[in-house]
Amino acid sequence: MGCFEELKERGFVAQVTDEDAVRRALDEGPVTFYVGFDPTAASPHIGNLYPTMVMMHLQRHGHRPIMVLGTGTTMIGDPSGKTELRQMLSVEQIRSNADAFRRAMNRFLHFEESRALCVDNAEWLLQLSYIDFLRDVGRHFSVNRMLAAEAYKQRLERGLSFIEFNYQILQAYDFLELYRRETCTLQIGGDDQWGNILAGVDLVRRLENSTTVHGMTTPLLTTASGAKMGKTADGAVWIDPELLSPYDFFQYWINVDDRDVEKLLKCYTFLPLDEIASLARLEGADIRKAKDVLAYEVTRLVHGEAAAEEARSGARAAFSGGGDVSQMPTTSLPAAHFSPGVPAYELFHAVGLAGSKGDARRLLQQGGGYVNEERIEAFDRPITGEDVREGAILLRAGKKKHHRIQVEG
RNA sequence: GGGGAGAUACCGAAGCGGUCAAACGGGCCAGACUGUAAAUCUGGUGGCUCAGCCUUCGGAGGUUCGAAUCCUCCUCUCCCCA
């Protein structure tokens, strides 16, 4: 199967400027392509991982990815698909985010021997001279057309500031710059980037008289229930283990909707398609096996094999018996802490199973708290040394949140 | 620059002097049912030393026994006109 066909098969292709041309180009020889990342947060999340998977697939097929850090464009803010002006990030914040993105990407792409590049668009955007830029680049953009674009529709109703209106032009300019510097001929991005990508393709074709540049978008990933993939109530599913532990990362994938499993296996793992097909045939409770594979594979990709094993082992200990209890989320406390005893709700709050003491109190009063798998009947039931089993106390909040307290001394 | 509308808890949105920790919907959490899934039903959803107290309704002041509700100023957003 050709490289493009595989991407398609795995559900990575939404729109392409010229499908046949892109297919041919990718089948024929190394293509230099780019994906832009706006460092708007302190870590990439699994939404950023999605286009990264595409980059990995293409690099494996011998193509050359360019990761473009949008430090410059992030100073502007992309209005596409947004309902209101995004809060402006400080320049230092953006820089530090960009560093985090750069570090994270090392795990996914091979940068040695220029097999992949990482560049920062601030490098060229910050040097632009306003008047020259308007004369050389700005004149190729039709305001009428930009206003008609779907991406701006929503914003036109609510208001769009001039700074944001420039985003597309700058992103288009990125493509031009990359074409000139690195003969980059393909831009890939999320479907919400379609307008921006087209603008770039147009600009390069116009100014460089090139017909070989193309653009492609990946579908917007949503969950079966319609939410944006990778968003949880507590925030995004971060890649940085400091922001989301490998254990919780693993759990995220275990808890996805049954209906999403096949789709996610295809785009977030490198398992062969026939293997995925057989996992997808599982039914009922067996689907958990497929979820386990999914969770393990993605965790391995992001956090490494050892962390994936640990997360899986901790999850087994918490949910199905077996596994390694020490890999469950754990807090260490001195034995003295439990004599004479500490009220359950305080303990739940202290280890993070509840956001506040009031929250813990409610949880327990509603019967959602357990010590050593036994329901706690009173919110202030003291937890004492007598609750220690094999040097630890197991707490549980609801069905899914487990916490182990290692009692020292 | 002129005129108008508005800013309420995670989000949307009521409230227009006390009975407001603030209706309703969504989200989220818990319970029941289950498979760490979905759907459904039930309860919950500011903090605390929890039948009580404290801090919230863009910000700062003020009027009042009492303010999310009235007044003044400020900040921001949207709409119309230029």
Side-chain angles (χ1 to χ4, degrees), chain A residues 77 79 82-88 152-164 222-237 247-265 279-296 298-299 311-323 327-329 342-346 348-350 352-370 373-382 394-403:
Chain A
K82 302 267 182 334
T83 50
E84 49 198 76
L85 179 67
R86 181 157 48 192
Q87 208 190 342
M88 286 264 200
Y152 289 101
K153 285 256 172 71
Q154 224 181 349
R155 288 308 300 278
L156 281 176
E157 285 166 21
R158 304 211 29 145
L160 179 67
S161 74
F162 184 66
I163 181 174
E164 293 179 286
T222 53
T223 65
S225 44
K228 235 186 213 173
M229 183 71 197
K231 288 274 179 204
T232 71
D234 302 324
V237 181
Y247 175 88
D248 287 325
F249 185 86
F250 183 91
Q251 284 299 127
Y252 173 81
W253 298 97
I254 289 289
N255 285 309
V256 298
D257 195 306
D258 282 7
R259 293 166 290 177
D260 292 323
V261 176
E262 182 179 6
K263 179 172 72 188
L264 295 175
L265 280 165
L279 285 170
R281 276 193 291 274
L282 295 171
E283 285 183 8
D286 283 340
I287 292 176
R288 278 181 303 160
K289 290 177 191 156
K291 288 185 183 177
D292 180 72
V293 173
L294 172 67
Y296 179 81
V298 189
T299 308
R312 174 189 256 169
S313 191
R316 284 191 178 152
F319 291 96
S320 46
Q327 295 303 336
M328 287 167 58
V342 43
Y345 71 99
E346 282 187 17
F348 271 71
H349 173 235
L353 285 174
S356 69
K357 287 182 194 170
D359 191 24
R361 182 187 295 250
R362 280 190 293 272
L363 174 76
L364 298 174
Q365 282 172 341
Q366 289 180 116
Y370 306 78
E373 296 307 311
E374 254 180 65
R375 178 172 287 172
I376 296 170
E377 301 296 343
F379 75 88
D380 53 356
R381 127 92 142 106
L394 292 180
L395 298 184
R396 175 152 71 88
K399 278 173 291 215
K400 295 177 194 169
K401 282 175 290 185
H402 294 75
H403 199 95

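None of the values given here were measured: they were computed from a predicted structure. In the text below, chain A, chain B and the rest are named by the order of the sequence lines, each starting its count at 1.
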Restricting both atoms to N or O, compile the protein contacts to nucleotides 80-82 of chain B shorter than 3.5 Å, with distance only.
none

**OP:** Tell me, please, which residues at least two apart from A/Arg375 pass side chain to side chain donor-acceptor pair (under 3.5 Å).
**Re:** A/Tyr370
Original post:
Residues in side chain to side chain donor-acceptor pair (under 3.5 Å) with A/Arg381, at least two apart?
Top reply: A/Asp387
Going by atom type alone, with no hydrogens or angles, which donor-acceptor pairs under 3.5 Å involve a side-chain atom of residues 247-255 of chain A and a protein atom two or more places apart or on another chain?
unit_1: A/Asp248; atom_1: OD2; unit_2: A/Ser245; atom_2: OG; d: 3.2
unit_1: A/Tyr252; atom_1: OH; unit_2: A/Gly230; atom_2: N; d: 3.1
unit_1: A/Asn255; atom_1: ND2; unit_2: A/Gln251; atom_2: O; d: 3.0

Identify all pairs in which a protein N or O lies below 3.5 Å from an N or O of nucleotides 31-35 of chain B, and state each distance.
unit_1: B/G31; atom_1: OP1; unit_2: A/Tyr370; atom_2: OH; d: 3.1
unit_1: B/G31; atom_1: O3'; unit_2: A/Arg375; atom_2: NH2; d: 3.1
unit_1: B/A32; atom_1: OP1; unit_2: A/Arg375; atom_2: NH2; d: 3.2
unit_1: B/C33; atom_1: N4; unit_2: A/Lys399; atom_2: NZ; d: 3.1
unit_1: B/G35; atom_1: N1; unit_2: A/Asp258; atom_2: OD2; d: 2.7
unit_1: B/G35; atom_1: N1; unit_2: A/Gly284; atom_2: O; d: 3.4
unit_1: B/G35; atom_1: N2; unit_2: A/Asp258; atom_2: OD1; d: 2.8
unit_1: B/G35; atom_1: N2; unit_2: A/Asp258; atom_2: OD2; d: 3.4

Subject >> Residues which pass side chain to side chain donor-acceptor pair (under 3.5 Å) with A/Thr222, listed by chain and number, not counting sequence neighbours >> reply: none
**OP:** Under the side-chain contact (heavy atoms from CB on, under 4.5 Å) rule, collect the residues that match up with A/Leu279, sequence neighbours excluded.
**Re:** A/Leu265, A/Leu271, A/Leu282, A/Ala290, A/Val293
**OP:** Rounded to whole angstrom, note down the P distance from B/U19 over to B/G52.
**Re:** 15 Å
**OP:** Just jot down the salt bridge (Lys or Arg N to Asp or Glu O under 4.0 Å) partners of A/Arg288, sequence neighbours excluded, or say none.
**Re:** none
Original post:
If the sugar-phosphate is the primed atoms plus P, OP1 and OP2 and the base is the rest, what is the B/S/- string for nucleotides 45-54 of chain B, using protein heavy atoms under 4.0 Å?
Top reply: S-SSSB----
Between the protein and nucleotides 20-24 of chain B, list every N/O to N/O distance that falls short of 3.5 Å.
none

**OP:** For A/Asp286, check side chain to side chain donor-acceptor pair (under 3.5 Å) against everything at least two apart and list the hits.
**Re:** A/Lys289
Identify all side-chain donor-acceptor contacts of residues 352-365 of chain A below 3.5 Å with residues at least two apart in sequence or on another chain.
unit_1: A/Ser356; atom_1: OG; unit_2: A/Gly358; atom_2: N; d: 3.4
unit_1: A/Ser356; atom_1: OG; unit_2: A/Asp359; atom_2: N; d: 3.0
unit_1: A/Asp359; atom_1: OD2; unit_2: A/Gly355; atom_2: N; d: 3.0

